[in-house]
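Here is the structure we will look at, set down as structure tokens.
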Amino acid sequence: MPSPPLLALVGPTASGKSEAAFVIAEELDAEVASVDSMLLYRGMDVGTAKPTPAERARVPHHLVDIAEPSESLSVWRFQLLAREALAGIASRGRCALLVGGSGLHFRSIVDDLDFPATDPSTRVALEAEAASLGAERMHQRLTTLDPEAASKIEPGNVRRTVRALEVAAITGRPFSSFAHQWGQYPVERVRAAGVTMPPDALARRIAARVSAMIDHGFIEEVRGLVEAGLGGWLTSSQAIGYAEMARHLDGELSLDEARAAMVKRTRALARRQLAWFRRDPRIRWFEAKEGGAADIVGDLVEYLSG
RNA sequence: GGCCAGGUAGCUCAGUUGGCAGAGCACGCGGCUGAAAACCGCGGUGUCGGCAGUUCGAUUCUGCCCCUGGCCA
């Protein structure tokens, strides 16, 4: 890890992180490394509230627009690319400002998580088994193979159960043996500021942002992506708004229903993001009001510049 | 004004032959290592419209009142 600690600005979606990040990065002469699982995809701009090219020309942004929506960029690959990006920033003698709300991606950068390998054919076989046997039977099998992992994964969670079985099958090691660092949060690695906001203020910002997206070409953006093949189990097709708007274009949902679903999912996302970051003891929290993180940028700069 | 239907959780409603009120959604909380904006789990938050009456006990039965919707004037 680079000797000046990594700087980070985290928090729930719609809290104004990106906006504040420009100012902070300029103040601190930093480059932004996005920690966002959806900003990775090219062409998904409006619905992800991606900083515009003009904004990104002002301050260099990394880990944005590095994959096609038709591919799924896993956390594992994100970690590799993030390390490259960070090395590049360090080689320029600048410091990196991590900005985003994807908790696992954040930890993949600051905590050197060791993601065990995957194998498509093993995965497919296990998924087929799970489909016929059911989640509980797979979970029972995991209990005999890796009791520790099984105790942490809910019996109804097929996806994680299958993944744990897959890891055991390919690596010969129990899935749980890869999670050693999970409960550790090395403080020296990162200086992180977190943005919170009163729940009702955040809810209003989310509703306003969803409406603004729809007014600024989101429907056209999704139409184009669907025509280009977005759909199925692609990561990109599960992004909030894209799934709902595709259904609207299919005539399954009215525009108002799609809008309401977007707001609902975004609020649920914000809650989960907060739950994720809340227990990271490294994060120093700053409460913003209706105006979002931009209004408290002075405090953020002061803390991050240490 | 008359007749009918209804008033129970933030919303839509169920229910109690009279015995501490319950579903879905919303909301809150939690978990998380190669799909993570994914995936999974936990939690009922309440003057049962108001005031009287009957009763050991009323959200439930009775009376009056208030409110909402529909139909008729």
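Residue numbering restarts at 1 for every chain, and letters A, B, ... go by the order of the sequence lines.
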Give [X] one of three labels, base, sugar-phosphate or nothing, depending on what nucleic acid heavy atoms sit under 4.0 Å from its own.
X	answer
A:Q79	nothing
A:T48	base
A:S102	sugar-phosphate
A:R279	base
A:G183	nothing

[X] has a side chain; which of [options] sits nearest to it?
X	options	result
A:N157	B:rC39, B:rC32, B:rA35	B:rC39
A:E154	B:rA26, B:rC40, B:rA36	B:rC40
A:R271	B:rA36, B:rC29, B:rC32	B:rC29

Between [N] and [M], how far apart are the two [atom1] atoms, rounded to whole Å?
N	M	atom1	value
B:rG1	B:rU60	C1'	31 Å
B:rU12	B:rG7	P	12 Å
B:rC67	B:rG49	C1'	7 Å
B:rA58	B:rA21	P	13 Å

inquiry  = Taking A:D45 first and then A:K50, would you say they form a salt bridge - that is, a charged N and a carboxylate O separated by under 4.0 Å?
reply    =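 A salt bridge is present here (some side-chain N lies under 4.0 Å from a carboxylate O).
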Polar side-chain contact A:R163-B:rA35 base: donor and acceptor under 3.5 Å:
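Answer no: no donor N or O sits under 3.5 Å from an acceptor.
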Assess whether one donor atom and one acceptor atom, taken from the side chain of A:E127 and the base of B:rA35, lie less than 3.5 Å apart.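 Result: at least one qualifying N/O pair found.
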Can you see if the side chain of A:T235 gets near the phosphate of B:rA36 - specifically, an N or O under 4.0 Å from OP1 or OP2?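 For B:rA36, OP1 or OP2 has a side-chain N or O of A:T235 closer than 4.0 Å.
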Counting Watson-Crick and G-U wobble pairs only, both distances under 3.5 Å, name the nucleotide matched with [N], or none.
N	value
B:rC51	B:rG63
B:rU17	none
B:rG1	B:rC72
B:rG41	B:rC29

Quiz item: Is the ring of A:W182 stacked on the base of B:rU33, with centres less than 5.5 Å apart and planes under 30° off?
Solution: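 Stacked: centres under 5.5 Å apart, planes under 30°.
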Using the ring centroid of each side chain, check whether A:Y242 and A:Y41 are separated by less than 6.0 Å.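 No.
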**OP:** Run the ring-centre check on A:F22 versus A:H61 and record whether the distance is less than 6.0 Å.
**Re:**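 Ring-ring flag for A:F22/A:H61: true, centres closer than 6.0 Å.
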